[in-house]
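Report on the following structure.
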Amino acid sequence: MNHVLPQMVSRLRGATLPDGSVVDVDLVRRGEHVVVSAVRATDEHAPDAEGSVDLRGYVLMTAPAEPHAHLDKALSWDALQPPLGDLHDAIANWKQGSATFDEESFRSRAREAALALVRNGTTAVRSHVDILAGDDPLRGIRAVVRVRNELRGLIDIEIAALCKVYSGDDLVHAALDAGADLVGGSPHSAPDPIPDLNRLLDIAEARGVGVDLHTDEFLEGDHHTIAAFADRVRHWPADRIRTAGHCTRLGTMAPDELKELIPLIAASGLGVVANPITNLYLQGRDHPVSMPRGITAIEPLRAGGVCVAAGADNVRDPFNPIGRSDALETAALTIAAAHVRPDVALAMVTDDARTVMGLPQAGARVGARAEFLAVRGTSVLDVIANAPADRIVIHNGAIVSVSETQTWTAPPAL
């Protein structure tokens, strides 16, 4: 394979799809975008055309989209050396430690984290970026905007301006002016949650932009905001983004209470993003026995018609000391911790993630965008379980990353 990148692709040959079928996929450029023009049973005898890529021995899936990241926080664990703790401990450590980071620190870590996503197959990411305390509160926003521009053509980056209760409305507007795409925040953590929720939604409506809010990221309590969130956005235009991240309180609600809420969430058009790795790490530390799982009610929400995606959230920062920036890691944790089927877990990090992010359909469907990840393996379960490093990443019809491994094992003694 030619490793001079990006390499434009016209045909993907002999790929195994998640449903087990083996196909050839033809691609064609339409304006600025490359889309799928044909998907058919593979023809072993067809001659290779220019731009063909042999994917025999690979599983071909829609390229993952990361619906909930924090590129500004990523890879800061070593610098901050945070204590092991819960969400409040992590917030306190980050607030204090981030004051020592200049714009270049934010840029370099965010760039490294974004490139790790690309190598592992993610071609679109939505990153929450803090509006910081102190004299230069937008330096994180500016840094991630720079990374978005530097990596254009490799990965699409959306930015949600993460507004804290101490950040005034003027700073949210300034963050949007500086390049943020969405209004973000965590109103459930404010002293008075509903007014803070409404002021963020007021700004989004005034600016004509979408929202992605950290929502009810706790396990016990009645200060949840999702009902008010859903009610407020249910009359928004259909194409305006509205996303609720975490929603861990839904996972611990009594069935009757949850049953009342789900129709409201579904009718509102809210997308929900579960973040298993970070919430498994942060939540439940005050339960010495029978520790609850910090994951939203995935199956009831899906059964009720809500689109639920899964994100990796934090990577090696005060909120999570581990993480590979790999959607297959997120899928595996969703299977183990949330008891979903492998095919559902894969959808949550690929097609459903794109839906929650408001991105066009992609993958091996006629007319869909040519966003693909090919992983060496035999099936969905095989690639999720083993997470092979051998991968080919295709963004807008071009190969943007290739990873290949070599192994050697000594022969058994006779």
Side-chain angles (χ1 to χ4, degrees), residues 12 15-23 25 36 39 55 57-69 116-126 155 243 271-280 295-303 305-313 323-357 359-365 368-395 401 403:
L12 305 171
T16 300
L17 297 183
D19 65 5
S21 58
V22 181
V23 300
V25 180
V36 174
V39 180
L55 291 183
Y58 284 80
V59 175
L60 181 69
M61 63 189 73
T62 304
E66 174 52 71
H68 191 114
L117 287 169
V118 174
R119 288 193 299 272
N120 286 322
T122 293
T123 63
V125 55
R126 179 183 296 166
I155 186 170
T243 306
V272 171
V273 180
N275 298 291
I277 189 168
T278 294
N279 285 134
L280 287 171
I295 300 180
T296 195
I298 293 173
E299 285 302 322
L301 286 166
R302 287 174 56 88
V306 179
C307 186
V308 186
D313 201 1
R324 300 197 307 262
S325 299
D326 185 357
L328 296 182
E329 178 184 39
T330 302
L333 284 166
T334 305
I335 293 168
H339 299 160
V340 304
R341 291 177 51 83
D343 59 321
V344 171
L346 182 64
M348 289 175 68
V349 299
T350 56
D351 297 315
D352 295 339
R354 290 186 66 87
T355 297
V356 165
M357 293 175 67
L359 299 173
Q361 187 181 61
R365 308 168 180 89
R369 296 283 175 87
E371 304 284 334
F372 291 101
L373 168 61
V375 184
R376 188 176 295 281
T378 59
S379 67
V380 166
L381 187 57
D382 178 41
V383 299
I384 293 177
N386 291 305
D390 293 69
R391 305 185 187 197
I392 300 170
V393 185
I394 296 172
H395 176 44
S401 182
S403 299

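Source: prediction; values computed, not measured.
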Inset, instruction - Quick one: pull up CD1 in I277 and CG in L280 and give me the separation to the nearest 0.5 Å. - result: 8.5 Å

Inset, instruction - Using side-chain contact (heavy atoms from CB on, under 4.5 Å) as the criterion, point out the one residue from V273, V125, T278 that pairs with H68. - result: V273

Inset, instruction - Indicate the atoms forming the closest heavy-atom contact of V383 with G377, along with that distance. - result: CG1-CA, 4.0 Å

Legend entry - Taking every non-hydrogen atom, the tightest pair across G121 and A63: O-CB, 3.7 Å

Inset, instruction - For V36 and G363, work out which heavy atoms get closest and say how close. - result: CG2-O, 3.2 Å

Legend entry - side chain to side chain contact (heavy atoms under 4.5 Å, CB included) against R391, all qualifying residues, sequence neighbours excluded: N120, D326, L328, L373, V375, A387

In residues 350-357, what donor-acceptor pairs under 3.5 Å come from side-chain atoms, sequence neighbours left out?
from : atom 1 : to   : atom 2 : distance (Å)
T350 : OG1    : L346 : O      : 2.7
D351 : OD1    : T62  : OG1    : 3.0
D351 : OD1    : R365 : NH1    : 3.4
D351 : OD1    : R365 : NH2    : 3.4
D351 : OD2    : R365 : NH2    : 2.8
D352 : OD2    : R302 : NH1    : 3.2
R354 : NE     : P360 : O      : 2.9
R354 : NH2    : P360 : O      : 2.8
T355 : OG1    : D351 : O      : 3.1

Inset, instruction - Under the side-chain hydrogen bond (donor to acceptor under 3.5 Å, both in side chains) rule, collect the residues that match up with S379, sequence neighbours excluded. - result: none

Inset, instruction - Report yes or no: does Q361 contribute a side-chain atom to a donor-acceptor pair with the main-chain N or O of R369 at less than 3.5 Å? - result: no

Legend entry - Residues which pass side chain to side chain contact (heavy atoms under 4.5 Å, CB included) with T378, listed by chain and number, not counting sequence neighbours: D382

Inset, instruction - Using ring-ring contact (aromatic ring centres under 6.0 Å, His included) as the criterion, list what pairs up with H395, not counting sequence neighbours. - result: none

Legend entry - Shortest non-hydrogen contact from A297 toward P300: O-CD, 3.4 Å

Inset, instruction - Could I get the full list of side-chain hydrogen bond (donor to acceptor under 3.5 Å, both in side chains) partners for T123, not counting sequence neighbours? - result: E371

Please tabulate, for side-chain N and O atoms in residues 330-344, each donor-acceptor pair with protein atoms closer than 3.5 Å (sequence neighbours left out).
from : atom 1 : to   : atom 2 : distance (Å)
T334 : OG1    : T330 : O      : 2.7
H339 : NE2    : R293 : NH1    : 3.4
R341 : NE     : D343 : OD1    : 3.1

Inset, instruction - Taking all non-hydrogen atoms of both residues into account, name the closest pair between G311 and E66 and its distance. - result: CA-OE2, 3.2 Å

Inset, instruction - Please name all residues satisfying side chain to side chain contact (heavy atoms under 4.5 Å, CB included) with A374, sequence neighbours left out, ordered by chain then number. - result: L55, Y58, L60, I392

Inset, instruction - State, yes or no, whether a side-chain contact exists between R126 and T243 at a heavy-atom distance under 4.5 Å. - result: yes

